[in-house]
Each structure stands twice: as structure tokens, then as C-alpha cells.
Amino acid sequence: GENVEQHPSTLSVQEGDSAVIKCTYSDSASNYFPWYKQELGKGPQLIIDIRSNVGEKKDQRIAVTLNKTAKHFSLHITETQPEDSAVYFCAAPSGTSGTYKYIFGTGTRLKVLA
Amino acid sequence: GAVVSQHPSWVICKSGTSVKIECRSLDFQATTMFWYRQFPKQSLMLMATSNEGSKATYEQGVEKDKFLINHASLTLSTLTVTSAHPEDSSFYICSASHRGSSYNSPLHFGNGTRLTVT
């Protein structure tokens, strides 16, 4: 089955700096990798995702890169702002189209210091 | 689009009672919904996969008679915590994916339910 590891567990950056969170996965058949942002007391919100047919995807200040050979993908947040402070989770699918589930990383608590 | 509504957002109940949590996909049909449990400062732990019109699939270690799941329609799944005890206190979150989607499609999450059992 799929195994997802996420690092770092906590990350503090100064406002305006960049933040990078990395995840590795084990199942080479996985081909979809979402990133979620969870604010305190709320459910996770999808912020960006990438499919295995591309190596990078960008949406304003957020980007995700994928290295299928090395089986890792990363979230990049540029020009960080205090409202980026939250817990971020990566995920990867496990199973087949008929019976699948998502395996989540252990989360990264990002704190942007003003 | 892709809004998932979860109710209630918080509930306090007495030990021994049952609590029902609803998860609705508001603007899409969801063949599959997932129920998670999250402890403070921890990741999401999948409890069960709910499929419309069939029995839920529970993860290892999750008591199916304790956590009853019903997915009666393409827009509604319910989780009932039966005979709740203080150790059942937790944050419960549901998620759903679009009907006809596969395992490489995004999940959309509800805002969670904070259950406190006294």
C-alpha cells in the first residue's frame, strides 16, 4: 500500500520569505497528488494539485513540483503572508479506481512571522 | 463549486447517548464519501469509506457497530457514533469526490464536527 512521509513537521518563516514542504510516496502507480491547507477548527481545503503527466504546476504564489523518478513532490509558497499560517497536508491515492482511498502526510504546521 | 456541508459543527453529548453527523455534497453528486477522525495536532485518520447504496468499508481497528455509516443518496452520508464515551471525543471530518471520479480526482472536505462526550 501507499506510504506518505511529510517534512518538516513545523516551519517558521518571516513574512515575505518562501516556504517549502516536501512529501515522499512509495507507490509508483500513484498519479495524483493534492495539497490541503487546514486552518484551526476547520476542514482541509484543497489549494493545489498535480497529476503525474506534468512536473510543475503554479497558481499565483503557490506551486507544486513532482519528481516521479524520486517519488517526491513539494509545495512551494512564495512571498508568504500571515494568512498562510496553517497546517498543510500532502496526500497520495492508494488502491484502484474501484476501491481507493487517500493517504495523508503527517502535516506541516507553517507559521509566518510578521 | 464542490461544496461539502457538514452538520453539526460541534456537539456535546452525555456518555451513553448516540450522535449523528451529516455530510452533504451541495452542488455535486458523490458516489463515494470518506469519514476521518482527527486528534489534536495530528493528521487525518481514515475511518471508513462510504459508498452510495452499499455497505461502508471500515479501516482496520474501527468498530463498525460503534460508528454506523449510511450513504442513502448521492448527496448525503451520515455517521452515527453509538453509545458515545469520552474517548470518542474528537474532530470528525467527511470528504466527498464527484460521482464518476476516480482515485486521481480531488477530495472536497466538510468543515468538521467537534464532538465532546461528557
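Both backbone and side-chain heavy atoms feed into the values below; hydrogens, waters and symmetry mates do not. Quick caveat, the model's predicted, so the values are computed rather than measured. Proteins get letters first, then strands, A, B, ... in listed order; numbering begins at 1 in each.
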Just wondering, do [Y] and [X] contact through their side chains at under 4.5 Å, heavy atoms?
X	Y	value
B/L44	A/P44	yes
B/T32	A/K101	no
B/S95	A/Y102	no
A/Q45	B/F109	no

Does one hydrophobic cluster hold both [X] and [Y], with members joined at side-chain heavy-atom distances below 4.5 Å?
X	Y	answer
A/Y25	B/L46	no
B/L79	B/Y58	yes
B/L76	B/F34	no
B/V4	B/M33	no

Query raised in the report: If only atom types and distance count, is the side chain of B/S43 paired as donor or acceptor with the main-chain N or O of A/G107 below 3.5 Å?
Result: no
Query - Backbone of A/K42 reached by a side-chain donor or acceptor of B/N111 within 3.5 Å - result: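 No: the side chain of B/N111 does not pair with the backbone of A/K42.
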Would you mind checking which part of [X] comes under 4.5 Å of any heavy atom in chain B, side chain (CB onward), backbone (N, CA, C, O), both or neither?
X	result
A/Y36	side chain
A/Q6	neither
A/F89	side chain

**Report entry** Point-to-point distance, once rounded to the nearest 0.5 Å, from NZ of B/K41 to OG1 of A/T10
**Finding:** 10.5 Å
Does [atom1] belonging to [X] count more than 12 external heavy atoms closer than 6.0 Å?
X	atom1	answer
A/K68	NZ	yes
A/Q60	CD	no
A/E15	CD	yes
B/K66	NZ	yes

Query - Which atoms of B/E59 approach chain A - backbone, side chain, both or neither, heavy atom under 4.5 Å - result: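 Just its side chain gets close to chain A.
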